[in-house]
Amino acid sequence: VPARVAYLLGLGDDALVYAQRLGEWLTNAPQIEEDMALGNVGLDLLGQARTLLTHAGEVEGAGRDEDDLAYLRDEREFRNVHLVEQPRGDFGQEMARMLWFASYQCELYTALLELPTSDETLRGVAEKALKEVAYHRDHAGQWVLRLGDGTEESHARMQAGLEAVLPYLAELFDDDEASRWAAEAGIGVLPSTLHDGAVAHVRAVVQEATLDLPEESRWRSRGGREGIHSRPMGYLLAEMQHIHRSHPGASW
Amino acid sequence: VPARVAYLLGLGDDALVYAQRLGEWLTNAPQIEEDMALGNVGLDLLGQARTLLTHAGEVEGAGRDEDDLAYLRDEREFRNVHLVEQPRGDFGQEMARMLWFASYQCELYTALLELPTSDETLRGVAEKALKEVAYHRDHAGQWVLRLGDGTEESHARMQAGLEAVLPYLAELFDDDEASRWAAEAGIGVLPSTLHDGAVAHVRAVVQEATLDLPEESRWRSRGGREGIHSRPMGYLLAEMQHIHRSHPGASW
Amino acid sequence: EEHMAYFDGLVSADKRIEPRDAMPEGYRKTLIRQIAQHAHSEIIGMQPEGNWISRAPSLRRKAILMAKVQDEAGHGLYLYSAAETLGMDREEMLDLLHAGKQKYSSIFNYPTLTWADAGAIGWLVDGAAIMNQVPLCRCSYGPYARAMIRVCKEESFHQRQGFEILWVLARGTEEQKAMAQDAANRWWWPALMMFGPPDSGEQAKGGHTAQNMAWGIKRFTNDDLRQKFVDMTVPQAQKLGLTLPDPDLTYNEETGHWDFGPIDWDEFWRVLGGDGPCNAERISHRKAAHDEGAWVREAAVAYADKQAARAGAAAGAVA
Amino acid sequence: EEHMAYFDGLVSADKRIEPRDAMPEGYRKTLIRQIAQHAHSEIIGMQPEGNWISRAPSLRRKAILMAKVQDEAGHGLYLYSAAETLGMDREEMLDLLHAGKQKYSSIFNYPTLTWADAGAIGWLVDGAAIMNQVPLCRCSYGPYARAMIRVCKEESFHQRQGFEILWVLARGTEEQKAMAQDAANRWWWPALMMFGPPDSGEQAKGGHTAQNMAWGIKRFTNDDLRQKFVDMTVPQAQKLGLTLPDPDLTYNEETGHWDFGPIDWDEFWRVLGGDGPCNAERISHRKAAHDEGAWVREAAVAYADKQAARAGAAAGAVA
């Protein structure tokens, strides 16, 4: 896959896979308002994913549309980070993941908008998505506050949620070959440049929530952008792709 | 699907789907001996399934082999009962399911051997499998004893296991169209005729284990033999079939 | 007495009763029961379709389905709010649902076995729901009537989406056609049962139709609504190219209606009584989500209390 | 002293030490550590392949894979029994494993990403394991040597099965060929690391090779075994039609061996130290199964105690 396509797929796959995980909250949220809110976040990400995958397919020029890319690629061809493919934990863990991921995406889309990019589609995504992910970040932040500064139990669980996502954070800011190429070419940004901004935002929320920001992880995830995934990914794809793959060539 | 094929598929799908569930115990059993034992039971059932599906494909005469039948049928075409498709519960629940299913299978294969059947393959399966399922029944029975007459906790959990499988038992003994045809044709048996023998065996074990055999269920499963399945079935098939379906026409 | 005369006057003038108005206790109870059941149906109804979000066969369909299930959550919220104006709060209604003491529409006790079921639910189940709900937009109780207006607008959108799912399947591969037909076969009769048992005749079992009509809660009998639904749906099935699983279905030139065969009310009562394919699953899924979320709701309350206390302290300091 | 002379005599005569024989404490400790690590590797090694049982692409492959993972459980059991003859019981060894105080082969900290990995594990990982284990069939400690004879027989069967998986893939569709090549790319270097760090030179880090050789536990150096493995495997890769991911791999006419490029020992130490792709997952999976099964093991003990008491009472009554 050419680097430009790979870069777009990385952005799109993150959004797609996280949308898939968030869809699992519908009917499982702690209150009905959250069924709606998490559904909304999932829908926003799915929307971003669709535009990004469609665009990646067009740039590639091999005739693959959004569904070909979502349903007919194998695990090794998906370029999302491990954070988004992890199974649904409890609500605190989800808020920790969402706070981090949305903070990362806020920095990402902000930086993309600041580029004198020649990729108008990508600029369009960034423009629309920035408003969305700012809301996601705020929504998760509100919950981190409520849970951190709520009851004793919720404080402990929210802290545990922050610890649970910790090993998957470094990878968000890894510069891979595709992003290096994209930054060089002026159409993308180096993930490493997004680190400080994202951390600053999360740190402020976590402190206000009377929680501790964990910083030491015995291990860290690696390689999602090269198609090296964690165990849950294959099962996620099996579920997501099964019906589509069961009817080769069908329209829906 | 002709009734004779449907009958064979029902027997084969029960074994296949239960083998799939038992395979999930490997690496998850309470002790290594049980990783081996549950793997063994799963392997026996997988073996039965392979012969039965292969035979069903031959009888059908449409050129479908065991893999076509296992991997390329949709949920509505699977004819197994709901009991075997339920997700893995705790070990007590698994022993309850295995005791019931193996008791049912013991009665089934015994009855098939008593038929002056013209289906030599089916007789061959019954002959070989009867020894296997007698061991499964015994293995589960031993555990029901140990857990029922073990600690207070294990007694309570084993009792809960018996309650958990209760709603799925009646369906094992439902006469469906295919089994009625097969019994009529002298190549199969009516499930309803297997009920009393299976219950007698389970009852004896449960009593010796100082447990109560629950008999009242507010609801009961229905329709597996007509391809009406419960929610977990679709996800089980997605996982089981995904790789095979991802490579149409490939050999393995 | 005077209050009740005012109530009767409003009802007979086809005006709206509002929360501040006095109302007969029976009216209040009936409405709470009906609105709660309606809200619960939206919430439980998220499950059969939610089952297909992760497996939807195209990203476009996945997005539409997610939005739809989310709309149902929204409908549940409007309706719980409407019921709360009658003096029962949401938490209490959910407890009654989980304890099996308030009901939800029995149709959601049927499983969604294939992707086509997402279409059939939209087409038939939402179609039947709209038939029930459109008259409720003129219900005598104001908050309920207003909630229904919002709900109906979105439901008809969902119904069209369901129809479109089946339309595409019915024009697809042989497997897709079979899937669509199978879904129609399985959902047709349960959809007809959604209107409830007959209001009269052998099968009628102590319904409340007459009283509810007098109160302006109900506008049509179950049988009238069912007939309207059949009359609307048969031509749609023909357009789709699907057969409805009723050999007795025939157009009656005299009445101008479609006659249909006998409904299996035994099945209806059995499923309503708890022995349907998914009753146990629907409630246990719902209860598990609620129980697992308890700590989150408690934390939200605790945080709000702390914030209020802080605001109070700050206000005190300023004063 | 006398005991130790007897021990030394047995070792130098290449005879077997048995559990009843006196032995140096260092010998006992080394063996416990090594056999436990070996047993743990079998048990943890069930996970990467177990991951593919539910998704195996044909029923035949599913059966073979289930049987293989089950064999590994069996190997674990033999090996725990061998270690128990040295005075540490299985429960204690498992506790040490779960606490991170006993190790397992670091190769199992790599993920199985595709079906081809089930083949690569058989071919390369089992192949390397056999290379390590065959000499252990002549280990000075009798119970370990006898366990290894059984294990090796089954391992070479597994190795052939792994080879066959890749053989079929390498002759399959383009996707299958790519899958096989990708698996070879990812497993080759970790397989070479399985022999441990170099015994001498810059990269050597305080190994125990010399002492273990003197005790008759080890027969060859890590580097010797690694070279034998490379020499055996390169022609197999050629037969398969797969490329090994090492541009420096060349046949050395002088030595008669295959020369290979530098191994990334930084990666080795990083993964060994806990920061591999699956370290956390492997232990937490194992621990979860163990913890969830505690009530079952307790019940089995309680039941056995009750049975023994009953038998005692019955015997008393008879006497």
Side-chain angles (χ1 to χ4, degrees), chain A residues 16 19-40 42-43 46-47 49-50 53-54 65-67 69-71 90-92 95 143 145-155 157-158 236 239-252, chain C residues 39 42-44 46-63 65-67 69-74 76-77 80 90 94 114-115 165 168-169 171-173 175-176 179 282 285-286 288-307:
Chain A
L16 175 64
Q20 179 77 2
R21 284 294 182 216
L22 286 170
E24 297 174 12
W25 278 100
L26 274 160
T27 75
N28 285 306
Q31 55 192 33
I32 301 165
E33 287 82 353
E34 284 308 301
D35 282 298
M36 295 185 70
L38 298 180
N40 245 327
L43 268 171
L46 184 54
R50 294 179 63 192
L53 294 185
T54 300
D65 66 14
E66 58 175 18
D67 286 337
L69 289 167
Y71 291 99
D90 75 5
F91 187 73
M95 290 306 101
W143 272 111
L145 277 184
R146 282 187 206 111
L147 297 177
D149 195 15
T151 65
E152 211 173 305
E153 180 186 5
S154 72
H155 181 87
R157 291 177 74 151
M158 190 61 237
L236 178 146
E239 190 173 322
M240 184 171 92
Q241 298 181 335
H242 182 246
I243 300 300
H244 186 97
R245 291 213 191 238
S246 295
H247 298 270
S251 297
W252 301 96
Chain C
E42 297 284 354
I43 298 305
I44 296 291
M46 295 166 68
Q47 288 182 38
E49 290 175 287
N51 187 32
W52 285 93
I53 290 176
S54 67
R55 297 179 287 169
S58 76
L59 296 186
R60 178 171 161 264
R61 292 289 175 198
K62 190 192 285 280
L65 186 60
M66 277 178 84
V69 174
Q70 212 196 9
D71 283 347
E72 286 161 359
L77 285 182
Y80 284 124
R90 196 210 301 184
L94 286 174
T114 73
W115 167 251
I165 286 175
V168 171
L169 293 177
R171 272 137 203 86
T173 66
E175 287 80 10
Q176 287 178 307
M179 195 190 281
R282 297 296 181 229
H285 182 121
R286 173 64 217 148
H290 193 73
D291 292 348
E292 279 160 23
W295 69 278
V296 175
R297 297 191 302 277
E298 284 158 21
V301 170
Y303 179 78
D305 289 349
K306 283 187 203 178
Q307 287 295 84

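Chain naming here is simple, since letters A, B, ... match the order of the sequence lines and numbering starts at 1 in each. Every heavy atom of this structure was used, including side-chain atoms; hydrogens, water molecules and symmetry mates were not.
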Under 4.5 Å to a heavy atom of chain C? For A:His247 that would be side chain

Honestly, the part of A:Leu236 sitting under 4.5 Å from a heavy atom of chain C is neither

If one checks every heavy atom of C:Ile43 against chain A at 4.5 Å, the contacting part turns out to be side chain

Bottom line for A:Ala29: the part with an atom under 4.5 Å from chain C's heavy atoms is backbone

The residue among C:Gln47, C:His285, C:His290 that forms side chain to side chain donor-acceptor pair (under 3.5 Å) with A:Asn28 is C:His285

Whatever's closer than 4.5 Å to a heavy atom in chain C on A:Leu53 counts as side chain

Bottom line for C:Leu169: the part with an atom under 4.5 Å from chain A's heavy atoms is side chain

Next on the checklist: Main chain of A:Gln31, side chain of C:Arg297: is a donor-acceptor contact present, judged purely on distance under 3.5 Å?
Outcome noted: no

The interface call for C:Ser54 against chain A, heavy-atom contacts under 4.5 Å, is both

Sorted by chain and number, sequence neighbours left out, ring pair (Phe, Tyr, Trp, His ring centres under 6.0 Å) with A:Tyr71 holds for A:His244

* Asked: Hey, is the main chain of C:Tyr303 close enough, under 3.5 Å, to the side chain of A:Asp149 for a donor-acceptor pair?
  -> no

Considering only NZ, NE, NH1 and NH2 on the basic side and carboxylate oxygens on the acidic side, decide whether C:Arg90 and A:Glu33 come within less than 4.0 Å.
yes

*asked:* Quick one, C:Leu77 and A:Met36 - any side-chain contact, counting heavy atoms below 4.5 Å?
replied: yes

List the steps, then state whether side-chain contact (heavy atoms from CB on, under 4.5 Å) holds for C:Arg55 with A:Gln241.
CA-CA 7 Å; C:Arg55 297 179 287 169; A:Gln241 298 181 335; over 6 Å; no

Looking only at heavy atoms, the pair that brings C:Leu59 and A:Asp67 closest together is N-OD1, 2.9 Å

Turns out that what part of C:Arg61 lies under 4.5 Å from chain A's heavy atoms comes down to side chain

In terms of heavy-atom contacts, C:Ala302 and A:Thr151 come closest through CB-CG2, 3.8 Å

The interface call for A:Leu46 against chain C, heavy-atom contacts under 4.5 Å, is side chain

Correct closest heavy-atom pair for C:Gln70 and A:Asn40 would be NE2-N, 2.9 Å

